[in-house]
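The first residue of the sequence shown is numbered 1, and numbering continues consecutively from there.
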Amino acid sequence: MSGAFWSPGLGQLEPYTPGEQPDSGTCIKLNTNENPYPPSPRALALLTSGDFANALRRYPDPESCQLRTAIAHRYGLKPAQVFVGNGSDEVLALSFYSFFRRPEPLLFADITYSFYPVYCQLFGITNRAAPLKEDFTIEVRDFAGRAGGVIIPNPNAPTGCYLSLENIEALLQLQPNRVVIIDEAYIDFGGESAISLINRYPNLLVIHTLSKSYALAGLRLGFAMGQEPLIQGLLRAKNSFNPYPIDAIAQQVATAAIGDKAWHADNCGKVIATRKRSERALQALGFTVIPSRANFILAKPPAPGAEALYLALRKRDILVRYFDQPRIRDYLRISIGTDVEMDQLIGNCKEILASQS
Ligand code: PMP
């Protein structure tokens, strides 16, 4: 493609490639860690009965006050300790811009959310990847030394491995002068959040999303929590880039969803139960399963191997994620669907493995 009109550097960017989003509603979609259940009925009811005439005519609240207050209330913080963005991807981008453009390298694990290196390229941030241990867990000591900041997903993506709060605290203490971001996109599926550390660590930023445990990936709503100076930094960047990132409808729907604690707890419970059942079923088929605390499982299938199984499942309209990258090339990442969807996945894996052995 010709980039004659592009600014210098754009041609060298290697953009993030999200998992496939097929048009057909008929496939079993276990490739982008969406929630298989509909969102809170309170959020859905707003969409059918809400009066948005004035809300749509006007610009939305640039500060998203009502939503930030609901999030603060839900997590025991002050509204001034909450920042909201158009999906946590946008919150991450603004965080990289605001905190990590430094002479020292940003530290992250060698297997991690693949958007992090892309933001580094976009903003010219140098980085160093610390290798995960053989079992894919994090070696906290590797995050010591000269650094422009640290970012880790907890649980990690795409491994599902969980880092304890003591380890997170050790990490924060290793880098007291740099921002440490804990990307908790998947924390609600069985981990303990680092939100409880916010009031003790001025360098901690915790990022959440409504895309996974709230079943609202289509709404595009993510949020960061931290002490006020960090949130002020993010607001400054946002207001210099896009002052109205959260549309009026999303602000109201997200506020309703955040308030529905009972729905959220029930949903997470269902996904966790299905994950545990699916882990056992995959092991029974001969998969090596990495213990997961997320709404997905990273698992190594027996022969004919990950790529062949991914392609065979795809032919049968079942989408899982295959990563053609070092260390996890032999694995598939399988998002947790409904029990029925997981039974179909397991049944099809069984047939494919039997036919190819
Ligand atoms: N962080 C991690 C670790 C993720 O896996 C994802 C989803 N791909 C995101 C952030 C972004 O989620 P969203 O933009 O939908 O909030």
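A donor-acceptor distance shorter than 3.5 angstrom exists from the side chain of Gln251 to the backbone of Asp61, with no hydrogens or angles considered. Checked by atom type and distance alone, the side chain of Asp110 never pairs as donor or acceptor with a backbone atom of Ala129 at under 3.5 Å. Formation of a donor-acceptor pair under 3.5 Å by the Asn156 side chain with backbone atoms of Thr159 is not found in this model. Remark: side-chain polar atoms of Arg68 are paired, donor with acceptor, to backbone N or O of Val82 under 3.5 angstrom. Counting only distance, with no hydrogens or angles, the side chain of Arg275 and the backbone of Ile297 share no donor-acceptor pair below 3.5 Å. Panel note: side chain Asn31, backbone Glu20; a donor-acceptor pair is recorded below 3.5 Å. With hydrogens and angles disregarded, a donor-acceptor distance shorter than 3.5 Å links the side chain of Gln227 to the backbone of Ile198. The backbone N or O of Ser40 sits nowhere less than 3.5 Å from a side-chain atom of Asp260 that would complete a donor-acceptor pair. Under a 3.5 Å cut-off, the side chain of Arg333 and the backbone N or O of Arg321 do not form any donor-acceptor pair. Side-chain atoms of Glu279 come within 3.5 Å of backbone atoms of Ser292 as a donor-acceptor pair (strictly under, hydrogens ignored).
Atom OH of Tyr16 has more than 12 heavy atoms from other residues, nucleotides or ligands within 6.0 Å. Annotation: Arg141, atom CZ; neighbour count of heavy atoms from other residues, nucleotides and ligands within 6.0 Å does not exceed 12. Gln66 CD: 12 or fewer foreign heavy atoms inside a 6.0 Å radius. Around the CD atom of Glu63, the shell of radius 6.0 Å holds more than 12 heavy atoms that belong to other residues, nucleotides or ligands. At most 12 non-hydrogen atoms from other residues, nucleotides or ligands lie less than 6.0 angstrom from CZ of Arg236. Within a 6.0 Å radius of CZ in Phe115, other residues, nucleotides and ligands contribute more than 12 heavy atoms. Around the NZ atom of Lys270, the shell of radius 6.0 Å holds more than 12 heavy atoms that belong to other residues, nucleotides or ligands. Residue Lys276 places its NZ atom among 12 or fewer non-hydrogen atoms of other residues, nucleotides or ligands, all under 6.0 Å distant.
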> Can you check side chain to side chain contact (heavy atoms under 4.5 Å, CB included) on Leu44 and Val253, steps first, answer last?
Replying inline: CA-CA 8 Å; Leu44 288 176; Val253 173; over 6 Å; no
>> Between Asn154 and Tyr186, does the side chain to side chain donor-acceptor pair (under 3.5 Å) criterion hold? Intermediate values first, please.
In response: CA-CA 7 Å; Asn154 195 32; Tyr186 303 102; over 6 Å; no
>> Between Asn348 and Arg316, is the side chain to side chain donor-acceptor pair (under 3.5 Å) condition met? List the steps.
In response: CA-CA 8 Å; Asn348 277 280; Arg316 293 169 179 228; 2.8 Å; yes
> Run the side chain to side chain donor-acceptor pair (under 3.5 Å) check on Asn199 and Gln81 step by step: do they pass?
Replying inline: CA-CA 10 Å; Asn199 288 331; Gln81 294 178 308; 3.0 Å; yes
> Step by step, would you call Leu92 with Ile151 a side chain to side chain contact (heavy atoms under 4.5 Å, CB included)?
Replying inline: CA-CA 10 Å; Leu92 286 165; Ile151 181 159; 3.7 Å; yes
> After noting the C-alpha distance and the side-chain angles of Thr32 and Gln21, does the key distance pass the side chain to side chain contact (heavy atoms under 4.5 Å, CB included) rule?
Replying inline: CA-CA 8 Å; Thr32 53; Gln21 298 292 354; 3.5 Å; yes
>> Between Phe83 and Met225, is the side chain to side chain contact (heavy atoms under 4.5 Å, CB included) condition met? List the steps.
In response: CA-CA 6 Å; Phe83 174 83; Met225 295 163 283; over 6 Å; no
>> As a quick check of understanding, evaluate side chain to side chain donor-acceptor pair (under 3.5 Å) for Asn177 and Asn203, giving each step before the final call.
In response: CA-CA 7 Å; Asn177 300 316; Asn203 58 330; over 6 Å; no
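Screening Phe100, Phe96, Phe108, Tyr113 for a ring-ring contact (aromatic ring centres under 6.0 Å, His included) involving Tyr119 leaves a single residue, Phe96. Screening Arg146, Arg128, Arg178 for a side chain to side chain donor-acceptor pair (under 3.5 Å) with Glu104, the sole residue that qualifies is Arg178.
Between the side chains of Arg74 and His264, at least one donor N or O sits under 3.5 Å from an acceptor N or O. Side-chain contact, Glu169 with Tyr201: a donor N or O sits under 3.5 Å from an acceptor N or O.
Asp188 has no carboxylate O lying under 4.0 Å from a charged side-chain N of Lys212, or vice versa, which leaves the two without a salt bridge. Glu341 and Lys29 are not joined by a salt bridge, as no carboxylate oxygen comes within less than 4.0 angstrom of a charged side-chain nitrogen. Using a 4.0 Å cut-off between charged nitrogen and carboxylate oxygen, Glu90 and Arg220 do not count as a salt-bridge pair. Between Lys133 and Asp142 no salt bridge is recorded (no basic side-chain N to carboxylate O distance below 4.0 Å).
Cluster annotation: Leu204 is connected to Leu171 through the hydrophobic network of ILVMFWY side chains, with a link wherever side-chain heavy atoms come within less than 4.5 Å. Hydrophobic cluster membership differs between Leu210 and Val91, with clusters built from Ile, Leu, Val, Met, Phe, Trp and Tyr side chains linked at under 4.5 angstrom. Hydrophobic clustering (ILVMFWY, side-chain heavy atoms < 4.5 Å, transitive): Leu313 and Ile334 are in one cluster. Leu163 and Ile290 fall within the same hydrophobic cluster, where Ile, Leu, Val, Met, Phe, Trp and Tyr residues are linked whenever their side-chain heavy atoms come under 4.5 Å apart, directly or through other members. Cluster annotation: Met342 is connected to Ile352 through the hydrophobic network of ILVMFWY side chains, with a link wherever side-chain heavy atoms come within less than 4.5 Å.
The shortest non-hydrogen separation linking Pro158 to Ile111 is CD-CG2, 3.7 Å. Smallest separation of non-hydrogen atoms from Arg102 and Phe99: NE-O, 3.1 Å. Considering all non-hydrogen atoms of both residues, Gln175 and Ala144 come closest at NE2-C, 3.7 Å.
Leu235 contributes atom CG, which lies 11.0 Å from atom CG of Leu230 (distance to the nearest 0.5 angstrom). Separating the CZ atom in Phe143 from the CG atom in Asn167 is a distance of 11.0 Å, to the nearest 0.5 Å. Considering NE2 of His208 and CZ of Phe223, their distance stands at 6.0 Å, rounded to 0.5 Å.
Both the sub-6.0 Å distance and the 45° axial angle are not jointly satisfied by Arg101 relative to the ring of Phe123.
Contact check for Glu139 versus Leu132: no side-chain heavy atoms found under the 4.5 Å cut-off. With a 4.5 Å cut-off on side-chain heavy atoms, Ile28 and Leu345 do not count as touching. Side-chain atoms of Lys238 and Pro62, non-hydrogen and from C-beta on, do get closer than 4.5 Å to each other. With contacts defined as side-chain heavy-atom distances shorter than 4.5 Å, the pair Leu332/Leu309 qualifies. Looking at heavy atoms from C-beta onward, Ile182 lies out of side-chain contact with Leu205 at the 4.5 angstrom threshold. Looking at Leu285 and Pro302, their side chains never come closer than 4.5 Å, going by heavy atoms from C-beta outward. For the pair Leu353/Pro304, a side-chain contact is recorded, criterion being any heavy-atom separation below 4.5 Å from C-beta on. Pro39 places none of its side-chain heavy atoms less than 4.5 Å from the side chain of Tyr214.
Taking the six-membered ring where tryptophan is involved, the planes of Tyr59 and Tyr244 are essentially parallel, since the angle between them stays under 30° and well short of 60°.
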